[in-house]
Amino acid sequence: MSLPFCNVALPLPLRTAFTYAIPDALRDSVQPGSRVLVPFRNKSLVGVVVECVQHAPESTKIREITKSLDFIPALTPKLIELGHWIAGYYLAPVGEVFRAMLPPVTELRIERQIALTDSGRSAAQKQAVTTSANQQHHALLSQLAEKGGVMPFASVAKLGWGDAALQRLRRAGLIEIRQSMLGRKAKTQRVIAWKGVTGMVAAAAQTPACDAKAESVKAALHARGPLPLSQLLRVAEVSRSVIERMLRDGFLESWEERVDAAEDPFDAGYVPPAHDLNAEQESALKLVRARFELGEFGVLVLHGVTGSGKTEVYLRAVQETLARGKTAIILVPEIALTLWIGRQCRAWFGARFEGVAVLHSALRDVERAREWWRVRNGEARVVVGTRSAIFAPLQNLGLIIVDEEQESSYKQEETPRYHGRDVAIVRAKMENAVALLGSATPSLETYHHARDGKYELLTLASRVEQRAMASVEIADLREDFAKTHQTSPISSALHAGIQECLAQKTQALVLINRRGYSWSVLCRSCGASVQCENCSISMTHHKQRNRLECHYCGSLKPIPKQCPKCQSKYVYFFGEGSEHLEERLRKEFPGARIARLDRDTARTKRQYQETLSAFASGALDILVGTQMLAKGHDFQRVTLVGVVSADSSLSLPDFRAAERTFQLLTQVAGRAGRGELPGRVLIQTFYPEHYAIQDAVKQDYPAFYERETQFRRVMAYPPFTSLANVIVRDTDLQKAIRWSRQLSEYFSPHDGKGLRILGPAAAPLARLKSEHRFQFLLKSPRRSVLANVLSGAMTYLELKEIPETAVLVDMDPLSLM
Ligand code: ADP
Ligand code: ZN
Ligand code: ZN
């Protein structure tokens with residue numbers, strides 16, 4: 001059974017795993033998925049066992065594993081399989097793939113627990129014990145049963161039990177070994193339930209008659225199931241004494257429940273909306289249910305216009321999944337949304353089912369590790385998180401939801417360069433689960449598959465409660481300029497619109513897609529722009545901080561008094577950013593309450609939440625900000641959304657520019673008119689005739705899809721071809737050139753044989769963080785052709801001794817910069 005060697009993936013930018021010998025003492029605990037400490041060169045590294053093997057390669061000297069960090073393997077076999085797929089598909093170093101999948105290493109705080117399983121419990125109850133080994137088992141099992149089924153490992157060890165013996169009991173199915181994070185004692189909250197619902201108490205049948213307050217408590221618990229006390233008090237609108245009395249009278253029961261570690265403070269008193277589904281939502285859910293009935297892998301696309309109530313469908317789909325005894329992942333595109341969706345999930349499932357875990361990169365390592373192990377131990381059955389939550393170690397996975405599947409934040413722009421949505425689909429397939437991709441503006445790839453029948457399409461065509469879609473209008477900046485001869489970022493139409501909001505005491509959102517004050521500094525004499533020294537990109541002027549910043553590498557410069565090239569004094573600042581816009585709005589609307597939300601003002605989660613809450617509560621009239629504002633938020637009193645420039649995203653040298661612009665404008669339009677009040681959107685542009693803008697005005701996704709696919713087909717871009725972007729980079733220009741030439745020699749014989757190879761050319765970002773960059777673009781209608789040529793290239797690099805880190809492969813790139 002136990003094999004003498006294992007292959008370990010180490011957190012290094014290398015494409016191979018390393019073989020180590022497993023010392024006898026560790027044979028029982030080292031399994032595929034276990035994290036181990038190993039010697040590597042003259043260091044110690046934490047790696048993960050990806051495979052146990054009978055033989056080691058003969059050529060090298062095999063060293064031994066120093067220590068096993070896990071008693072139960074951190075990664076499940078399914079996750080190991082997924083990791084191998086990612087390494088293969090994205091041509092990523094295995095070690096870095098597995099590092100991205102593992103919880104943060106906070107070893108010293110790990111605690112092990114030994115828990116009795118159901119069969120362990122019945123074995124403990126049996127009397128007849130024959131052999132002495134069985135007697136020993138029996139003693140431990142009874143002890144566990146006495147202690148309520150769980151004991152810390154340390155206490156079990158004191159009774160003389162070692163790792164190997166415990167593993168035998170585990171393999172016999174009598175005990176379970178759990179790992180969890182040691183730390184502050186978890187907070188608990190009191191949960192109240194209606195006894196008649198869960199228990200068998202006859203008294204519950206007779207409601208305390210004529211008591212309106214008790215009726216209201218009953219109704220609340222009936223509709224929502226058990227609720228935390230604080231929440232119940234709000235929903236039922238009764239005082240604490242009413243609950244206490246009902247508890248005494250035996251109508252209710254209560255217990256203490258752990259509050260999830262990653263819970264946010266806004267949870268207290270949060271009451272989730274409970275809606276009956278409308279007909280469209282109902283039929284979408286019916287299709288999800290039908291897919292569950294089939295019990296097999298499938299991809300569903302939920303195309304629902306903004307405000308159509310997709311979240312409600314997600315929550316019910318998760319509910320059905322849990323009811324079937326399975327688990328679910330909900331991926332959201334940004335951290336702020338994990339709070340929002342996480343809160344709703346906890347309200348829905350936290351009390352009724354075992355728990356909800358939240359995973360994202362802004363959690364502290366200890367918190368993240370704790371949440372991770374709760375999931376691994378089966379204590380949480382719903383995971384809400386950003387991109388990397390797709391690696392949550394859930395077992396028996398039934399459903400993966402990807403909200404706003406088109407969002408670029410699902411693509412990791414560093415090694416391993418995976419796409420969270422695509423990995424979600426692959427994982428769903430491996431686990432025979434259902435993937436549900438939701439969006440108001442699906443990516444072209446996803447919609448394409450929905451059209452050709454590979455995915456199933458569910459549509460929510462209208463907003464809830466017959467609310468109207470916002471009306472979208474264009475402010476033609478050419479006309480505006482002809483009339484006013486002013487170059488203000490705020491057109492006369494936008495100015496009038498904001499004025500109207502202020503008069504009616506409603507709210508306005510104003511979007512601009514760059515932060516900072518001005519995004520370019522130019523010399524009027526010689527035309528030079530001030531560029532970053534490390535990157536071929538112009539530096540952004542930040543007025544309040546009084547300096548220039550590079551938004552790519554973060555380098556800073558003082559504001560030049562004269563041109564760095566020709567020394568002329570005629571330096572001017574060009575292109576408005578959010579800081580400029582805020583200043584301008586304050587000038588034009590002196591009485592208004594204005595705030596700005598972008599990466600400069602929302603440096604922390606708290607600042608971000610505070611600004612959003614202030615706006616939601618009506619303490620602000622105008623909110624200015626970047627794309628951050630476009631996503632997800634449900635503001636009720638917004639009647640106007642202004643987009644300062646639709647053109648800046650349209651003019652990017654990128655084949656997805658039109659798609660991005662259309663998505664942004666549609667998302668933005670979705671922020672207006674979500675409450676009772678009708679909404680209006682004003683898009684400022686110099687190119688009103690562009691189809692991305694025209695279709696966004698009509699909010700006509702299918703029309704946009706048709707036009708954009710024509711362009712993609714003609715130009716041979718995704719979804720009609722597979723694409724790989726290969727960047728060769730080094731701080732030494734000569735090396736970068738030499739390696740590009742070598743790689744080109746390898747590529748050229750393949751060109752034209754089922755794939756096209758463009759390059760090498762200077763990358764659009766020819767310098768980035770001090771590195772010189774050259775680019776190849778590989779296109780093929782057949783992904784397998786692309787994959788073969790690229791994996792051949794990896795072997796070639798090794799042969800030519802080109803460092804692996806010098807060549808970046810981006811499979812299915814989102815951006816070609
Ligand atoms: P989407 O994500 O599709 O833009 P949301 O899920 O945010 O839309 O829902 C928009 C609003 O509609 C939310 O405030 C939600 O509570 C509400 N809502 C959802 N379903 C219904 C329904 N069936 N009836 C009334 N309101 C609903
Ligand atoms: Zn100059
Ligand atoms: Zn830079």
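For ligands, and for the atoms within them, numbers begin at 1 and follow the listed sequence. Because only heavy atoms are used, hydrogens play no part in the values below, and waters and symmetry mates are left out as well, while side chains stay in.
- Residue Ser308 has at least one nitrogen or oxygen atom sitting less than 3.5 Å from a nitrogen or oxygen atom of ligand 1, judged on distance alone.
- Considering backbone and side-chain atoms alike, Gly309 places an N or O below 3.5 Å from some N or O of ligand 1.
- Taking the Zn ion (ligand 3) as the corner point, the angle from Cys553 atom SG to Cys550 atom SG is about 110° (rounded to 10 degrees).
- In terms of heavy atoms, Ile330 sits closest to Cys345 at CD1-SG, 3.7 Å.
- Heavy-atom separations between Gly304 and ligand 1 are all 4.0 Å or longer.
- Against a heavy-atom cut-off of under 4.0 Å, Thr306 is close to the following atoms of ligand 1: 4 (O).
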Worked check of ring-ring contact (aromatic ring centres under 6.0 Å, His included) between Tyr517 and His542 = CA-CA 5 Å; Tyr517 195 81; His542 287 254; 9.4 Å; no
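- Listed by atom number, the atoms of ligand 1 under 4.0 Å from Asn278 heavy atoms are 23 (N).
- When each atom of ligand 1 is checked for a heavy atom of Val305 under 4.0 Å away, the hits are 3 (O).
- Residue pairs meeting the salt bridge (charged side-chain N to carboxylate O under 4.0 Å, His left out) criterion with at least one partner in residues 539-556, sequence neighbours excluded, are Lys543-Glu583, Arg545-Glu549, Arg545-Asp600, Arg547-Glu549.
- Environment of CD in Glu237: sparse, with no more than 12 heavy atoms of neighbouring residues, nucleotides or ligands closer than 6.0 Å.
- Contacts between His275 and ligand 1, counted as non-hydrogen atom pairs separated by less than 4.0 Å, involve the side chain only.
- Taking every non-hydrogen atom of Glu465 and a distance limit under 4.0 Å, the qualifying atoms of ligand 1 come out as 25 (C).
- Residue-and-atom listing of protein N/O/S atoms under 2.8 Å from the Zn ion (ligand 2), sorted by chain and number: Cys523 SG, Cys526 SG, Cys563 SG, Cys566 SG.
- The aromatic rings of His303 and Tyr447 sit perpendicular to each other, their planes meeting at more than 60°, with 30° as the lower class boundary.
- Within 6.0 Å of CG on Asp732 lie more than 12 heavy atoms contributed by other residues, nucleotides or ligands.
- Checked by atom type, the side-chain pair Thr639/Gln507 shows no donor-acceptor distance below 3.5 Å.
- For ligand 1 and Thr311, the ligand atoms under 4.0 Å from any heavy atom of the residue are 2 (O), 5 (P), 6 (O), 7 (O).
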Test log, rule side chain to side chain contact (heavy atoms under 4.5 Å, CB included), inputs Leu612 and Phe635 | CA-CA 9 Å; Leu612 282 184; Phe635 301 122; 3.6 Å; yes
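- Proximity of the aromatic rings of Phe574 and Trp519 is defined here by a centroid distance below 6.0 angstrom, and this criterion is met.
- Among the candidates Thr626, Asp598, Thr601, the single residue satisfying the side chain to side chain donor-acceptor pair (under 3.5 Å) test with Ser578 is Asp598.
- Interface atoms of ligand 1 facing Asp276, defined by a heavy-atom separation under 4.0 Å, are 22 (C), 23 (N).
- With 3.5 Å as the limit, one finds a donor-acceptor pair spanning the side chains of Gln775 and Asn725.
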